[in-house]
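These notes are about the structure you will find just below.
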2 protein chains.
Amino acid sequence: MMELTRKGEYAIRAILYLARQPTGRLSLVGEIAGSAGVPRTFLSKILQQFTRTGLVSSFRGTGGGFTLARDPAGITLLEVVEAIEGPVLPNRCLVGEGTCERDGTCRVHEVWGRVRDEMVSILAGVTIEELARAREGSAGDGLAKSS
Amino acid sequence: MMELTRKGEYAIRAILYLARQPTGRLSLVGEIAGSAGVPRTFLSKILQQFTRTGLVSSFRGTGGGFTLARDPAGITLLEVVEAIEGPVLPNRCLVGEGTCERDGTCRVHEVWGRVRDEMVSILAGVTIEELARAREGSAGDGLAKSS
DNA sequence: TACCTATTGGACCTTTTTTGTCTTTTTATA
DNA sequence: TATAAAAAGACAAAAAAGGTCCAATAGGTA
């Protein structure tokens, strides 16, 4: 239930790949796709979406490729996920914010609102830079486990 | 992104309808469907799923119908949602809990784990009885808004 | 200019999931 | 037995997910 799509997963992998490259270096679609294990043509679409959002910048022609448009320390996981999957909305009734035909006064909406707020808060609290680091220092370092 | 399906919405409406009935009273599919604004045959499937889970009990034949199997004060929103939509799993990698082919050491999984934990915690903190009450007392009463 | 390289955009396609319907069977009551 | 209801299962349309393919465009390079 409430799963991130493959597209979203691929998008995160691709962003992390870009974040791990030396600043300014351009990566090719094929290169990213190979390393991140994502179908090439599909990744192409995802990267296009990122460039439209302004998270990634692209350059055409010989020597072209993709690179992060901003400092990974300033990009949050929320931005990445929302760029690809759209706004975090666990319940359709939240779309209109009160535009719920039936049961306008019921409390279910308020509960989903809290769910959304928490998701947003958690995802906005993690930067791509933090995620891209990892590798060494293995587990539970810096980010507290809430459970 | 990460939307509850219509099935899930319908399920909640149906459960709330049942929770608002006098204890012991049986409701017919058609009756619930009409009141909750849910296609009758579809609701039938949802109710069957609920009876399989044990949340709702059903009785066949003349005078039959559906009723909550347990006290609504003891049923959480989490139970209702999971009965219909399956376990809350915002990221596929959480299914196997560590069975992630690639990037086993990356921190993304830990973040989604926290998201799931929070969702579960919020949904488990709301009972059907609370939700079914509402109506009078309008807003923000008893349940704190976190935002 | 011609040619190569790489992204862009759009059309298209397949598979899966969602959102149902319809029919038959089972169980219970009158 | 007739009637009333849920249960079960097959079926189907519509939408979303998950891709593919190709022509166009933009930028280098000889």
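The chains referred to below are lettered A, B, ... by the order of the sequence lines, with proteins before strands, and numbering in each begins at 1.
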Can you check the [X] [atom1] to [N] [atom2] distance for me, whole Å?
| X | N | atom1 | atom2 | result |
| --- | --- | --- | --- | --- |
| A/E3 | C/dT17 | CD | P | 9 Å |
| B/R6 | D/dA14 | CZ | C1' | 12 Å |
| A/K7 | C/dT17 | NZ | P | 18 Å |
| B/E31 | D/dA5 | CD | P | 11 Å |
| A/L26 | C/dT5 | CG | C1' | 13 Å |
| A/R52 | C/dT8 | CZ | P | 9 Å |
| A/I46 | C/dT7 | CD1 | P | 14 Å |
| A/L43 | C/dA6 | CG | C1' | 14 Å |

**Positions of residues 54-62 of chain A (non-hydrogen atom under 4.0 Å from DNA chain C), listed by number** = A/S58, A/F59, A/R60, A/G61, A/T62
**Message:** Quick check for you: among D/dA6, C/dT19, D/dG18, whose closest atom lies nearest to any side-chain atom of A/F42?
**Reply:** D/dG18
**Asked** Between A/E31 and A/R25, does at least one N-O distance fall below 4.0 Å, as a salt bridge requires?
**Response** yes
**Message:** Treating B/R70 as the side-chain partner and B/G74 as the backbone partner, does any N or O pair qualify as donor plus acceptor under 3.5 Å?
**Reply:** yes
**Request:** Spell out, as yes or no, whether a donor-acceptor pair under 3.5 Å connects the side chain of B/Q21 to the backbone of B/L26.
**Result:**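 Answer holds: no.
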**Request:** Taking the side chain as every heavy atom from C-beta outward, state whether A/V80 and A/F50 have any pair of such atoms under 4.5 Å apart.
**Result:** yes
**Message:** For a 4.5 angstrom cut-off between non-hydrogen side-chain atoms, does B/M1 reach A/E82?
**Reply:**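 A side-chain contact is absent here, since even the closest heavy-atom pair is not under 4.5 Å.
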**Request:** Give a yes/no on whether any side-chain N or O of A/Y10 is located under 4.0 angstrom from OP1 or OP2 of D/dG19.
**Result:**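 Checking A/Y10 against D/dG19: at least one side-chain N or O falls below 4.0 Å of OP1 or OP2.
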**Prompt:** Which residue, A/Q48 or A/G64, contacts DNA chain C at a nucleotide closer to its 5' end, judged by nearest heavy atom?
**Reply:**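 On the 5' side of the pair lies A/G64.
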**Position toward the 5' end of DNA chain D (nearest nucleotide), A/E85 or A/K45** =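 The 5'-side residue here is A/E85.
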**Prompt:** For A/G8 and B/V29, take the nucleotide of DNA chain D holding the closest heavy atom to each; which residue's nucleotide lies nearer the 5' end?
**Reply:**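 Nearest-nucleotide comparison on DNA chain D picks B/V29.
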Mind checking if [X] touches a base, just sugar-phosphate, or nothing, with heavy atoms under 4.0 Å?
| X | result |
| --- | --- |
| A/L47 | nothing |
| B/T5 | sugar-phosphate |
| A/S44 | base |

**Message:** With rounding to the nearest 0.5 angstrom, report the CZ to NE2 distance, B/R114 to B/H109.
**Reply:**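 The CZ atom of B/R114 sits 14.0 Å away from the NE2 atom of B/H109.
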**Request:** Hey, could you give me the CZ/CZ distance between A/R20 and A/R133, rounded to the nearest 0.5 Å?
**Result:**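 The CZ atom of A/R133 is 11.5 Å from CZ of A/R20, to the nearest 0.5 Å.
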